[in-house]
Number of protein chains: 6
Amino acid sequence: MKHLKLTDNTSYDGSQIEPLWAFKTFGLKDSSIVSWIGPMEIQPDHLIDFEDVGLEIKGDQMLHFIIEHFDVQPADLNLCYHRQRIFVMIVKDILNDFGMTTTRNGDDLYFKKIDNKKGKLSVSIATCSASSMKIHFALNLTENGTPTDVDTAALFEVGVGIGAVQVNEIAETACDIYIEEISSIKSDISKTKVF
Amino acid sequence: MKHLKLTDNTSYDGSQIEPLWAFKTFGLKDSSIVSWIGPMEIQPDHLIDFEDVGLEIKGDQMLHFIIEHFDVQPADLNLCYHRQRIFVMIVKDILNDFGMTTTRNGDDLYFKKIDNKKGKLSVSIATCSASSMKIHFALNLTENGTPTDVDTAALFEVGVGIGAVQVNEIAETACDIYIEEISSIKSDISKTKVF
Amino acid sequence: MKHLKLTDNTSYDGSQIEPLWAFKTFGLKDSSIVSWIGPMEIQPDHLIDFEDVGLEIKGDQMLHFIIEHFDVQPADLNLCYHRQRIFVMIVKDILNDFGMTTTRNGDDLYFKKIDNKKGKLSVSIATCSASSMKIHFALNLTENGTPTDVDTAALFEVGVGIGAVQVNEIAETACDIYIEEISSIKSDISKTKVF
Amino acid sequence: MKHLKLTDNTSYDGSQIEPLWAFKTFGLKDSSIVSWIGPMEIQPDHLIDFEDVGLEIKGDQMLHFIIEHFDVQPADLNLCYHRQRIFVMIVKDILNDFGMTTTRNGDDLYFKKIDNKKGKLSVSIATCSASSMKIHFALNLTENGTPTDVDTAALFEVGVGIGAVQVNEIAETACDIYIEEISSIKSDISKTKVF
Amino acid sequence: MKHLKLTDNTSYDGSQIEPLWAFKTFGLKDSSIVSWIGPMEIQPDHLIDFEDVGLEIKGDQMLHFIIEHFDVQPADLNLCYHRQRIFVMIVKDILNDFGMTTTRNGDDLYFKKIDNKKGKLSVSIATCSASSMKIHFALNLTENGTPTDVDTAALFEVGVGIGAVQVNEIAETACDIYIEEISSIKSDISKTKVF
Amino acid sequence: MKHLKLTDNTSYDGSQIEPLWAFKTFGLKDSSIVSWIGPMEIQPDHLIDFEDVGLEIKGDQMLHFIIEHFDVQPADLNLCYHRQRIFVMIVKDILNDFGMTTTRNGDDLYFKKIDNKKGKLSVSIATCSASSMKIHFALNLTENGTPTDVDTAALFEVGVGIGAVQVNEIAETACDIYIEEISSIKSDISKTKVF
């Protein structure tokens with residue numbers, strides 16, 4: 001499993017959740033995580049979460065992760081959502097190490113702001129085709145451009161000193177730990193007696 | 001999925017990891033978590049982790065969790081290890097809320113003690129039969145009786161004020177969050193567009 | 001698994017067999033059965049059974065059932081057809097209890113009419129996406145509007161006293177028994193020793 | 001899928017539910033149904049249904065069916081219980097055709113006897129190994145030798161004229177219809193459009 | 001599993017790789033191999049191998065095989081590629097018997113021509129939907145019309161005396177052996193002890 | 001996937017086919033092939049192929065391969081037999097390159113000896129547990145010690161100049177190609193459009 005870091009301010013419009021996006025765009029074979037910083041504005045026809053129909057899902061600057069797994073055939077949406085949860089919990093842990101305590105509800109992270117309002121910090125979805133499992137997870141860096149009808153929070157604005165350098169480190173660490181996690185699970189399987 | 005709390009100081013000897021233990025012992029049908037406080041001394045013929053062959057795995061007082069899932073057929077050891085990781089990360093989060101910062105390596109939690117030595121706080125294994133997935137996770141409450149050749153740590157002895165009351169709360173909360181987590185994943189599946 | 005009963009004479013045009021129809025239309029999460037009385041006229045581009053290409057599949061008034069399962073991931077068309085058969089056999093049993101003896105061939109029910117002609121009483125199909133299994137089953141209430149090139153039969157016209165009240169009861173009972181059946185299978189799994 | 005009919009009064013002791021029994025005993029390769037008439041007395045160590053621990057499961061003369069499927073790999077206990085239900089419903093239908101109306105609860109058939117007591121007519125279990133799915137289903141022919149603490153019913157004693165000839169026909173028909181059912185499901189899959 | 005041989009010079013344009021093509025075109029139910037001789041010119045929107053985007057994939061006369069499997073549900077692309085490899089190795093073996101030694105790299109066969117240039121002899125792809133697994137494999141009969149930027153080889157032009165008669169025999173033998181292979185695997189499963 | 005070559009004349013007694021043998025014996029984690037030269041005498045209780053009950057399966061000197069896969073969960077005996085066939089065909093190809101033309105029937109290789117008798121050259125079996133897939137394949141190096149009631153052939157005695165050096169090369173090449181094959185299949189999956 002490889003990690004590719006983009007540096008070109010790619011806008012997340014929802015097309016990146018499609019199967020084989022990383023291969024078609026960057027020639028990345030095998031399972032991968034692509035991370036980058038950029039805006040988000042999801043096109044309605046790219047909507048994956050039917051609960052979001054009619055909602056605006058956007059932000060001016062977010063830290064994006066697109067994960068694709070081919071290791072389980074046929075792809076399994078149940079497993080994919082388990083991996084999504086693991087990824088979100090890894091990010092929660094890292095934010096904690098950066099002095100930022102968040103709460104988690106399913107695949108959403110929240111931060112209690114100075115005014116005691118709980119701000120939504122992240123968006124996430126998982127999906128699959130017959131052969132690949134995909135996860136999108138993104139953290140607000142700024143509240144600019146986020147939906148006006150949702151209380152949001154953002155890494156640059158929570159007042160714990162997270163800037164561009166730290167965001168880079170968060171992205172690197174999250175990807176490293178996640179890749180290692182999936183790998184350690186495979187390794188654990190091969191030392192386990194079953195019934 | 002049900003949570004059963006035992007109050008009889010059951011000793012974990014490794015037989016509890018066998019499929020259908022909860023049904024055969026307590027008549028518990030369907031997926032379940034059983035939690036209790038008791039000692040641990042694993043009998044060699046109940047060893048599941050072949051890396052542990054020849055090692056002592058024991059402790060005088062531990063908080064035990066035995067999880068069994070029947071929801072995925074045939075049982076899938078890969079998914080089971082994902083669920084184990086999710087459970088461990090939930091416990092890590094709760095300990096954090098109790099003022100106890102731990103580090104995680106795969107399915108193991110560690111605590112840096114006052115002498116700066118990293119003590120192993122937990123043991124865990126996952127396994128399966130053709131029809132059920134099982135997880136054992138246990139936290140040391142005391143270092144008494146833990147193996148002499150391993151640096152261990154224990155909830156009652158880390159100096160953050162965790163006593164019997166708090167351990168009960170940790171157990172309840174961990175089970176509640178885990179059950180809710182698995183349930184929320186099932187729910188997320190049914191709102192997701194796939195390709 | 002929930003049962004939703006519609007009362008608005010919805011026309012079955014084949015779009016209801018699409019994945020997540022119940023969630024997108026009624027906000028129904030998790031596995032479900034939706035039942036209603038209404039006409040049927042399948043649009044050619046909504047055809048699922050390629051054997052039906054070029055055929056008219058229609059009726060002026062039918063009792064419809066749309067079943068969706070998310071409990072098995074990835075969705076399994078083989079299992080889905082087994083569940084379809086179970087549903088058809090449950091309906092056959094209930095009709096029997098109402099004094100109406102039918103014969104079954106795969107997923108089709110037939111009734112021998114007063115003129116000794118065997119009339120086709122039902123239509124059915126099963127299909128799936130990567131994440132959900134879907135079943136449509138419908139019983140003719142009247143022969144009006146059924147294809148002219150097929151001998152059909154209809155609940156209201158078989159002369160055993162089935163009217164609107166009985167049809168409601170048949171629908172309720174079929175859904176109750178089916179939901180209980182799937183649930184009892186899950187329960188049986190968790191008491192079974194495997195090899 | 002083949003049907004083998006035994007004629008030697010084999011006693012069902014529970015060993016016949018083990019994987020590959022038909023191959024090891026009769027050289028039968030591939031999926032199969034074996035049917036025969038004989039007594040039943042299950043040895044405790046051959047018990048598959050943990051709900052039956054401590055119960056007597058026996059009868060002096062029963063019509064037995066042992067089904068084994070290798071068509072789905074790895075074997076799936078969930079699917080196996082679906083097939084068990086289909087088999088039970090097929091038998092219920094056939095008994096109906098012989099003038100014997102039964103009620104079904106999960107995998108059990110009951111008959112309301114002349115004294116209005118509901119007698120248990122059948123026993124059944126499903127199980128699997130990693131590679132095969134097994135079903136045992138048996139109908140009492142006589143109440144002799146059935147457990148004294150259970151109200152039972154028996155084909156020869158329900159007063160609808162079922163004798164040895166009819167039992168043979170019931171066995172043949174049940175096997176034929178079941179084999180055809182599984183085959184027709186496979187066939188339906190290959191004409192179905194999926195999403 | 002059936003073999004259908006076409007004799008009408010069908011052009012392979014990529015539409016034949018779609019699920020249920022054999023059923024929709026020829027009424028072929030169940031798993032099948034269709035073989036024929038004809039040209040190939042893949043339409044860009046029928047491209048399955050994203051590595052081939054922008055490439056010409058064509059030839060004036062090729063021996064085509066389209067395989068479809070419904071025996072494993074849900075369809076499994078990993079298994080499908082294993083079957084593709086088995087088919088390619090069967091063809092390699094048969095060509096060897098006809099005096100034509102080839103080398104194989106994954107799903108491609110190569111022939112060292114008289115000028116010592118290695119010519120690509122074949123094209124192949126595997127894919128799946130939720131319910132069916134598909135394989136296309138084709139051998140060049142002539143180098144006419146093959147892409148100008150690829151060194152190709154062709155059965156009629158390798159100088160080992162392969163003509164129309166031999167090609168027919170190669171097609172028949174490959175299909176026979178492949179069908180027998182899949183069947184023998186199913187048979188082997190039912191004699192094997194598992195752990 | 002790793003290749004381990006043993007040099008200690010280990011006798012194949014059937015215990016090596018058990019799950020996790022490579023981990024328990026050599027600490028090998030993850031999927032692996034172990035190859036070695038040694039005698040074979042299978043203990044009856046280690047018999048996996050129930051067709052072999054009562055037969056002697058032995059030889060004084062054979063080239064053994066034990067393959068274990070953990071990459072597919074739960075383990076799938078059907079896939080395992082496909083991989084077995086691929087391995088056998090790879091060996092057949094390599095023997096061909098060494099001037100030794102064999103015929104294959106399922107998982108058996110045969111060689112036509114100078115007296116025109118077809119000698120069985122190999123033995124093979126595949127099996128699985130809930131979590132691992134195992135293959136044993138072995139080639140006779142000498143006919144000494146092979147069963148007296150079977151016509152056998154042996155690499156050292158077919159008269160094509162295969163000695164110890166060549167056998168080493170055959171083992172290395174077979175393992176290399178097999179490992180590369182499984183790897184290339186994984187890679188092909190991630191470039192394939194599915195329906």
Side-chain angles (χ1 to χ4, degrees), chain C residues 17-20 45-53 71-72 75-86 88-90 92-93 96-97 101-108 124-134 177 180-195, chain D residues 17-20 45-53 71-72 75-86 88-90 92-93 96-97 101-108 124-134 177 180-195:
Chain C
I17 199 73
E18 288 173 16
L20 280 77
D45 54 333
H46 286 141
L47 210 63
I48 293 298
D49 183 339
F50 282 132
E51 246 172 7
D52 292 340
V53 170
D71 61 326
V72 169
D76 178 337
L77 188 53
N78 187 34
L79 177 65
C80 192
Y81 268 114
H82 282 77
R83 289 183 170 175
Q84 181 213 42
R85 295 304 204 262
I86 286 173
V88 176
M89 293 168 97
I90 285 171
K92 181 179 192 299
D93 252 20
N96 215 54
D97 293 345
T101 307
T102 59
T103 54
R104 184 178 66 86
N105 185 8
D107 56 9
D108 286 323
S124 188
I125 192 66
T127 185
C128 72
S129 70
S131 70
S132 99
M133 298 177 278
K134 298 252 347 198
I177 294 179
E180 170 57 25
E181 196 73 53
I182 300 301
S183 168
S184 77
I185 286 173
K186 288 191 198 308
S187 189
D188 282 359
I189 288 171
S190 67
K191 63 168 195 179
T192 302
K193 183 179 131 186
V194 295
F195 290 95
Chain D
I17 199 72
E18 288 172 17
L20 279 79
D45 54 332
H46 286 140
L47 210 62
I48 294 297
D49 184 337
F50 283 131
E51 246 172 7
D52 292 340
V53 169
D71 61 326
V72 170
D76 178 337
L77 189 52
N78 187 35
L79 177 65
C80 191
Y81 268 114
H82 282 77
R83 288 183 170 174
Q84 180 211 43
R85 296 304 205 261
I86 287 173
V88 176
M89 293 169 97
I90 285 171
K92 182 180 192 297
D93 251 19
N96 216 54
D97 293 344
T101 307
T102 60
T103 55
R104 182 178 67 86
N105 185 9
D107 57 9
D108 286 324
S124 187
I125 191 67
T127 186
C128 73
S129 69
S131 71
S132 99
M133 298 177 278
K134 297 253 348 199
I177 293 179
E180 170 57 24
E181 196 73 53
I182 300 301
S183 167
S184 78
I185 286 174
K186 287 189 197 311
S187 188
D188 282 358
I189 288 171
S190 68
K191 63 169 194 179
T192 302
K193 183 180 131 186
V194 295
F195 290 96

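Order of the sequence lines sets the chain letters (A, B, ...), proteins ahead of strands, with each chain counted from 1.
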Heavy atoms only: give me the nearest [X]-[Y] pair and the separation to one decimal.
X: C:A126; Y: C:Y81; result: O-OH, 3.3 Å
X: D:D107; Y: D:Q84; result: OD2-NE2, 2.8 Å
X: D:S131; Y: D:A75; result: C-CB, 3.9 Å

**OP:** Side chain from CB out, backbone as N, CA, C, O: work out which of these in D:D52 comes under 4.5 Å of a heavy atom of chain C, or both, or neither.
**Re:** neither

**OP:** Using non-hydrogen atoms and a 4.5 Å limit, figure out which bit of D:K134 sits close to chain C: side chain, backbone, both or neither.
**Re:** neither

**OP:** State which residues pass side-chain contact (heavy atoms from CB on, under 4.5 Å) with C:S184; sequence neighbours excluded, sorted by chain then number.
**Re:**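 Residues passing side-chain contact (heavy atoms from CB on, under 4.5 Å) with C:S184: C:E180, C:E181, D:R85.
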
Option that, when pairs with chain D are counted at under 4.5 Å, heavy atom only, ranks first among [options]:
options: C:C80, C:A130, C:S187, C:S129; answer: C:S129
options: C:I17, C:I125, C:I189; answer: C:I189
options: C:D76, C:D93, C:D97; answer: C:D93
options: C:V72, C:N96, C:N78; answer: C:N78
options: C:E51, C:H82, C:R104, C:E18; answer: C:H82

**OP:** Only counting residues at least two apart or in another chain, list the ones meeting salt bridge (Lys or Arg N to Asp or Glu O under 4.0 Å) with D:R83.
**Re:**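 Partners of D:R83 under the salt bridge (Lys or Arg N to Asp or Glu O under 4.0 Å) test: D:D71.
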
**OP:** Sort out for me which of D:L77, D:L79, D:D188 touches chain C most, counting heavy-atom pairs under 4.5 Å.
**Re:**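 Going by pairs under 4.5 Å, I would pick D:D188.
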
Subject >> Intermediate values then yes/no, side chain to side chain contact (heavy atoms under 4.5 Å, CB included), D:T127 and C:K193 >> reply: CA-CA 7 Å; D:T127 186; C:K193 183 179 131 186; 5.6 Å; no

**OP:** Drop me the distance from C:C128's SG to C:I48's CD1, to the nearest 0.5 angstrom.
**Re:**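 Rounded to the nearest 0.5 Å, the SG-CD1 separation comes out at 10.0 Å.
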
Subject >> Interchain contact, C:L47 with chain D, by part (heavy-atom threshold 4.5 Å) >> reply: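 Contact with chain D involves the backbone of C:L47 alone.
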
